[in-house]
Every structure is written in structure tokens, then in C-alpha cells.
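Below is one structure, written out as C-alpha cells, with a few remarks after it.
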Amino acid sequence: MNRADFIIYWGGNPADCHPRHFTKYTLTPKGKHVPMGRKGRTMVLVDVRETPSVRAADIFLQVRPGKDFEVITTLRALVKNQPVDQARVAETGLTLAQLQDLVGRMKNARFGVIFFGMGLSMTRGKHMNSAAVLALVAELNAFTKFVCMPMRGHGNVTGADVVMRWTTGFPFGVNLCRGYPRFNPGEFSTVDLLVRGDNDAALILGADPGATMPQPAIDHLARIPTIVLDPKVTRTSRLARVHITTAAMGISAPGTVYRMDEIPLPLRPILQSPYPTDEVVIRRIHEQVKAKPAWLPASFKKVPCA
Amino acid sequence: MTHTVVKNATCTFCGCVCDDMELHAEGDRIVKTKLACGLGEAWFKNHTAEHLYPDALIDGQPSSVEEAVQAAADYLYEADMPLVYGLSNITCEAQRAAVALAERIGGVVDSHTSL
């Protein structure tokens with residue numbers, strides 16, 4: 001807000017999904033180094049279809065669905081003045097002139113930002129698309145200042161990344177089975193684990209995978225003992241063995257939440273819940289587990305010391 | 001009915017986490033929001049402090065929190081590879097407790113980020 005004069009939204013529709021993003025954080029506020037506010041900024045929207053966010057954009061680039069990775073790769077080539085194949089550019093739904101114009105604007109920006117949404121990170125290419133954006137932004141820093149940020153959906157999903165980072169060293173999908181953290185998305189990420197049927201119990205905290213995940217993952221959650229902590233009885237609660245109702249974060253549960261730019265903010269709950277908070281319930285479960293004898297594998301044999 | 005006002009309240013519906021709301025509550029529900037967007041207003045008004053749901057359910061039957069905590073601990077203790085998933089709609093303090101529990105039970109801890 002204080003610095004960016006060139007803003008790209010890629011694969012997202014903030015006008016509908018993050019309604020105050022433009023007015024509170026990115027476009028309209030007058031910033032320390034962008035005193036003109038909206039007039040001092042250029043906004044480019046990249047998406048596969050026209051959404052209500054188009055009205056807020058200066059330039060709208062409509063990419064053919066599933067061609068984001070190709071567009072980003074072409075941009076990376078153009079940034080480094082490498083030759084590109086005209087026919088392949090045409091397949092993306094954009095023209096070479098449009099992409100050259102975009103690269104020119106990126107390089108001439110004083111401070112650029114790319115916000116990328118699930119239209120990029122959850123479609124064909126998935127995490128490869130996100131990785132390509134990170135590479136593009138890293139390379140642009142040879143010319144000007146450029147950063148990127150994912151548009152986060154859930155309230156404290158950024159907090160989950162931050163807390164897991166400082167406790168285990170990794171942001172998500174952390175396996176502690178061996179007593180030390182291991183990180184391997186695709187192997188230890190939830191959908192993959194559940195679809196393969198690797199887990200033999202699940203503790204679901206403030207999420208409703210029963211309504212959102214692929215059917216094979218839901219089927220596995222119904223097979224194993226699933227425990228749900230949620231302010232409401234959800235679809236997942238109905239297939240779970242145990243459900244515990246908890247106070248809603250920010251409404252009746254106090255605490256800290258991270259904004260998507262990793263700024264921690266305190267909550268000011270207005271209501272008093274009749275239910276305990278998630279933190280209290282998790283700690284109580286932990287106490288109960290702790291009271292049991294330490295777990296050792298069935299095949300464990302004590303090796304005598306020489 | 002008691003009328004309470006909280007200024008500079010924080011909305012946790014989406015990742016924007018706007019922290020400039022003014023909330024008005026009467027009794028156990030929020031009746032008015034200032035500066036909240038359409039999504040935020042719906043979020044605030046949809047949650048009440050009423051006792052709408054049973055404290056806990058075991059196999060679909062209402063139970064006490066104490067029994068449910070015990071059952072949860074038993075299941076997690078017995079499991080070889082439990083999964084702790086979600087964490088996106090709970091506070092950082094609860095997330096920290098969840099990671100500690102995952103370490104104790106030797107499980108996998110994961111959030112919506114991996115989707």
C-alpha cells in the first residue's frame with residue numbers, strides 16, 4: 001500500500017472474494033511513496049474469464065484456461081530478452097504484443113506486486129504455477145523491486161503457516177511420525193494421505209473436509225476414527241466418531257490471527273460463548289494422551305548395552 | 001437486553017483480516033457491523049453465543065466434553081499415523097497447541113495450504 005505502483009492480480013476475483021482488498025490494502029489508499037493513491041497505481045488482472053474485478057483493473061488479460069504456466073514461462077523469457085515461439089504464445093489466448101507490453105510495464109515499475117489466487121495455484125499445473133510466479137518475481141528483481149503474495153482464503157491460514165514454520169521448520173504437511181519433522185508435499189499433504197488411506201485416525205480442527213475434499217478422501221475419513229473440533233456440527237462431524245463444539249474464533253474466542261501479509265493481529269471477541277475454545281480442548285486432549293505410557297512400536301526390542 | 005459495542009474489532013472470515021470494524025451486540029448475537037464487507041457482515045451475524053449445538057457428540061450421540069476428550073485421546077493414542085488437519089479457522093495459540101499434540105501422538109500436521 002505504501003510502495004506498490006504496479007499491481008497484478010492473477011487467477012483471483014478479489015472484488016467478490018476479498019471485497020476490501022482494493023480499498024483497504026492495495027489500490028485506493030494513498031501510500032507514503034504513492035501519494036496519488038489509485039491514480040498513482042496501475043492494476044493488471046489476469047484471469048480465464050471476466051469477473052466483477054475487471055471493472056477495477058486498468059488492463060485485463062484473458063488467458064485460455066490451463067495456459068497460465070505457459071504465459072508465465074513466456075514472460076520469464078521476455079524479461080531476459082530470449083526468443084519466444086509465436087505459435088505457442090498464440091495458444092495461450094494472448095498476443096506477443098500484450099505480453100511484451102506487460103513485461104515493459106513490469107520492468108518500468110518502481111515497486112511491483114503479484115497477488116496470485118486459487119485460479120492459478122489450484123488449476124492445471126498447480127504448485128508448478130506458483131513456483132513459476134515465484135521465479136518470475138525473483139528474476140524481475142534484477143530490474144526493479146518486485147514481490148508476490150498468495151491471496152489467502154481462510155481467516156488464519158497464514159497463521160498456520162507461520163506457527164508450523166517456527167515450531168517445526170516447515171509451513172505445512174509436516175510428518176512427525178519419526179519424532180522429528182519431515183516435509184514432502186504430495187507425500188505428507190492431507191488429500192494425498194487420505195486418498196492413499198495412510199492415516200488410521202484424524203483430528204480435524206476448524207475445517208470441513210467432508211464438504212470440500214475429493215470423495216475417496218472423505219470415504220477414508222469415514223472409515224477411520226475421526227475427531228472434529230468446530231463451532232458448528234459440520235458435514236465432517238456427521239461422519240466422525242467424536243465431535244466437540246468450540247467457541248468461534250474472533251466472535252467468542254480471543255487470540256492472535258495472522259493477516260495474509262504475515263502481520264499478527266489481536267482478536268477482540270464481542271460475545272461470550274457457552275463452549276470452550278479450541279486451545280483449551282486441544283490442551284485437554286494432550287493432557288489425557290500424556291497421562292498414558294509412552295508409545296513404542298510393537299517390534300521394538302530393547303538392545304542390551306555391551 | 002445488554003447492548004455491547006466493540007471498536008477496532010478484527011474480522012477473521014477471509015485472509016484480509018480487517019481490523020477496523022465496529023460491532024454492536026445485543027444479548028448473544030451481533031446485530032450491527034460498521035465497515036465490514038458483505039462477507040464479513042454475514043460472518044459476524046451468522047455466529048451467535050447461543051447454545052445451538054450439543055457440547056459434544058460421540059458416534060452421533062450427545063455426550064459431555066469430558067467423555068469426548070477422553071474418547072479423542074484414546075483414538076489418537078491408539079493410532080500409528082494420526083492426521084491433524086485444518087488449523088485455518090483457529091487462533092495461533094490453538095495452532096501451537098495442535099502442533100504440540102501432533103508431536104506427542106507422532107502424527108502428520110497439515111493445513112488448508114496443502115490443498
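Keep in mind that this is a model prediction, so the values were computed, not measured. By convention in this document, chain letters (A, B, ...) are assigned in the order of the sequence lines, proteins followed by strands, and residues within each chain are numbered from 1.
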- [ ] Give a yes or no on whether the backbone of B/A79 and the side-chain of A/D200 come within a donor-acceptor separation of less than 3.5 Å.
- [x]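 Absent.
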Open item on the list: Any side-chain to backbone donor/acceptor pair from B/Q95 onto A/V157? Under 3.5 Å, distance only.
Closed with: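 Pair absent, no side-chain N/O of B/Q95 close to backbone of A/V157.
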Open item on the list: To the closest 0.5 Å, what do you measure between CG (A/D278) and CD1 (B/I90)?
Closed with: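 Output value for this atom pair is 5.5 Å.
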Open item on the list: Using a strict threshold of under 4.0 Å (side-chain N to carboxylate O), is an ion pair present between B/D74 and A/R241?
Closed with: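 Result for this pair is no, no salt bridge flagged.
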TODO: Could you pull out all residues at least two apart from A/P266 that satisfy side-chain contact (heavy atoms from CB on, under 4.5 Å)?
DONE: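 Residues passing side-chain contact (heavy atoms from CB on, under 4.5 Å) with A/P266: A/R268.
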Task: For B/E93, all residues meeting side-chain contact (heavy atoms from CB on, under 4.5 Å), sequence neighbours excluded - done: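 In terms of side-chain contact (heavy atoms from CB on, under 4.5 Å), with neighbours along the sequence ignored, B/E93 is linked to A/T256, A/E279, B/T91.
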Who among [options] has the most heavy-atom pairs with chain B under 4.5 Å?
options	result
A/E287, A/H21, A/M164	A/M164
A/I204, A/L203, A/T245	A/L203
A/R284, A/K292, A/R283, A/H18	A/K292
A/I224, A/T190, A/D16, A/T158	A/T190
A/M260, A/M118, A/M213	A/M260

Task: Proximity of B/F13 and A/H154 rings by center, below 6.0 Å - done: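 Judged by ring-centre distance (under 6.0 Å), B/F13 and A/H154 do not meet the cut-off.
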Exercise: identify the closest heavy-atom pair between [X] and [Y]:
X	Y	result
A/A201	B/Y75	CB-O, 4.1 Å
A/P293	B/Y77	O-OH, 2.6 Å
B/C16	A/R259	O-CG, 2.9 Å

Open item on the list: Under a plain distance cut-off of 3.5 Å, with no hydrogens placed, do B/S88 and A/R152 share a side-chain donor-acceptor pair?
Closed with: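 No, no side-chain donor-acceptor contact under 3.5 Å.
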